[in-house]
2 protein chains.
Amino acid sequence: MPAAAADGVLEDLIGYALRRAQLKLFQNLIGRLSAHDLRPAQFSALAVIEQNPGLMQADLARSLAIEPPQVVPLLNKLEERALAVRVRCKPDKRSYGIFLSKAGEALLKELKQIAHDSDREATSALDDEERGQLLRLLTKIYQA
Amino acid sequence: MPAAAADGVLEDLIGYALRRAQLKLFQNLIGRLSAHDLRPAQFSALAVIEQNPGLMQADLARSLAIEPPQVVPLLNKLEERALAVRVRCKPDKRSYGIFLSKAGEALLKELKQIAHDSDREATSALDDEERGQLLRLLTKIYQA
DNA sequence: TATTGTTATACTCTATAACTATA
DNA sequence: TATAGTTATAGAGTATAACAATA
C-alpha cells in the first residue's frame, strides 16, 4: 500500500514509487475502460487470445498470472458479451480452444487505442525518450 | 492484471510493465515481511507515523491513500502488538494522536533494512545508475 | 491414475453508508 | 450542524480444496 510523503524512508524505495505510479496508471485505464464495461484483466485476456488463438484455459490462466478457477467467470463474461468463444477440442474433449469473435476483434482494436492513450496521459510528465527508458527498465525487472 | 507474453500489444504499454514489475517487488517484500507477521501497508504506516508523530487517523488515512475505516483494523493490529499507541488529544477529545512505541521504533529500523534489501534483490537486473534513473522517472509520474 | 474445467469457499483489499461521541 | 473515529456491509481480487468428465 502506498503512503504519501514520509521523507527519507519510503521515497527511496523503488517498490514504493512503483506502487504509486502503477496505481495512477491503473486508475486511469479503469476509468477509460469503464465506458465499455470492461476491467483491465478482460482487456489483457482479449489481447492474449488474439495473439494465441485457440489456446486452452489453462494456458490463458498462466499467461494472465492467475489461477485456473479465476478464468471461468472472466471467460463467461466475454462469452456472454459475444467477444470470445469456447470451442470443444476434437482430440481432447476435456478442453476448449478459445478464440475471439469478429466483434471481439473489432472491440480489441478500439481498446488498444484506448490503452495507448491512457498510457500517454498518465505519463504526461515524461517525454518520449523517458518513456522508452522507463519501459526498458521495467521490462528488465519483470523478465528477470 | 498482467499477462505474460502476447507480442506487440501489452508489451509496449508502460502500465502493463509497471504492473508486472510492481507485482514482483510486492511479492518479494510480502515474503520478507511475513517473518514479522506484517503486511506492506503496516510497514508503510509505521514509516509514516515515525515521520509524523502525533498525527491523527484521518491524516494517516490520507497519507496511505486509503479510507478512514480501513485505518481502524490496521491501527488495532499495531496497538495489539504494542508497536504504536493512540493517545487521546487534550484539546479535541474526539481525536487521537498516533505515536510509535519504543518497540515500534526498534522494529521499524529492522524493517527499513528488510525493505531496502528486498528492493535491491527484486531489481537485481539493474545496476545502481539504472535504479536511480528508474526511481526518478517513477517519482515524476506519481507526483504529477 | 492424471488432467481440464468447474464449483464452492475463504481471505484480503477496498469502498460506502450509518452510527457514537464529541465539538 | 459538523467532525473524528468506528461499525457494518458489500464488492472486487486472489487462492485452495474438491468434484465431474475425460484421458
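Treat the numbers as computed from the prediction; the structure is a model and nothing was measured. Per chain, numbering begins at 1; letters A, B, ... match sequence-line order.
One interatomic measurement links the two molecules: CG of B/Asp37 to P of C/dT12, which rounds to 10 Å at whole-angstrom precision. The separation between B/Ile30 atom CD1 and D/dT14 atom C1' is 11 Å, rounded to whole Å. Atom CG of A/Leu75 and atom P of C/dT7 are 12 Å apart (whole Å). For B/Asp59 and D/dT3, the CG to P distance is 15 Å, given to the nearest whole Å. What separates CD of B/Gln27 from P of D/dA15 is a distance of 7 Å, to the nearest Å. D/dA10 atom P lies 17 Å from atom CD of B/Gln70, rounded to whole Å. Atom P of nucleotide D/dT6 and atom CD1 of B/Ile66 are separated by 12 Å, given to the nearest angstrom. Straight-line distance from the CG atom of B/Leu64 to the P atom of D/dG5: 13 Å, rounded to whole Å.
Sorted by first and then second residue, the pairs that involve residues 29-41 of chain B and meet salt bridge (Lys or Arg N to Asp or Glu O under 4.0 Å), not counting sequence neighbours, are B/Arg32-B/Glu121.
Residue contacts shown for B/Glu67 include a base, since a base heavy atom lies under 4.0 Å away.
Which of C/dT14, C/dT6, D/dT6 sits closest to the side chain of A/Val72 comes down to C/dT6. Here the side chain of A/Ala58 is nearest to one of D/dT14, C/dG5, D/dG5, namely C/dG5. For A/Met56, the side-chain atoms get nearest to C/dT4 when compared with the rest of C/dT6, D/dG13, C/dT4.
Put simply, the side chain of B/Ser101 gets close to the backbone of B/Leu83: a donor and an acceptor are under 3.5 Å apart.
Between A/Glu67 and A/Arg62 there is no salt bridge, since no side-chain N of the basic residue sits under 4.0 Å from a carboxylate O of the acidic one.
Residues satisfying the side chain to side chain contact (heavy atoms under 4.5 Å, CB included) test with A/Arg120, not counting sequence neighbours, are A/His116, A/Asp128, A/Arg131.
For DNA chain D, the residues of residues 87-95 of chain A within the heavy-atom distance limit of 4.0 Å (strictly under) are A/Pro91, A/Asp92, A/Lys93, A/Arg94, sorted by number.
A donor-acceptor contact closer than 3.5 angstrom is absent between the side chains of A/Glu80 and A/Asn76. Side-chain contact of B/Gln143 with A/Arg20: a donor-acceptor pair under 3.5 Å is absent, judged by distance alone.
For the atom pair CD1 of B/Ile30 and CG of B/Leu38, the computed distance is 12.0 Å after rounding to the nearest 0.5 Å.
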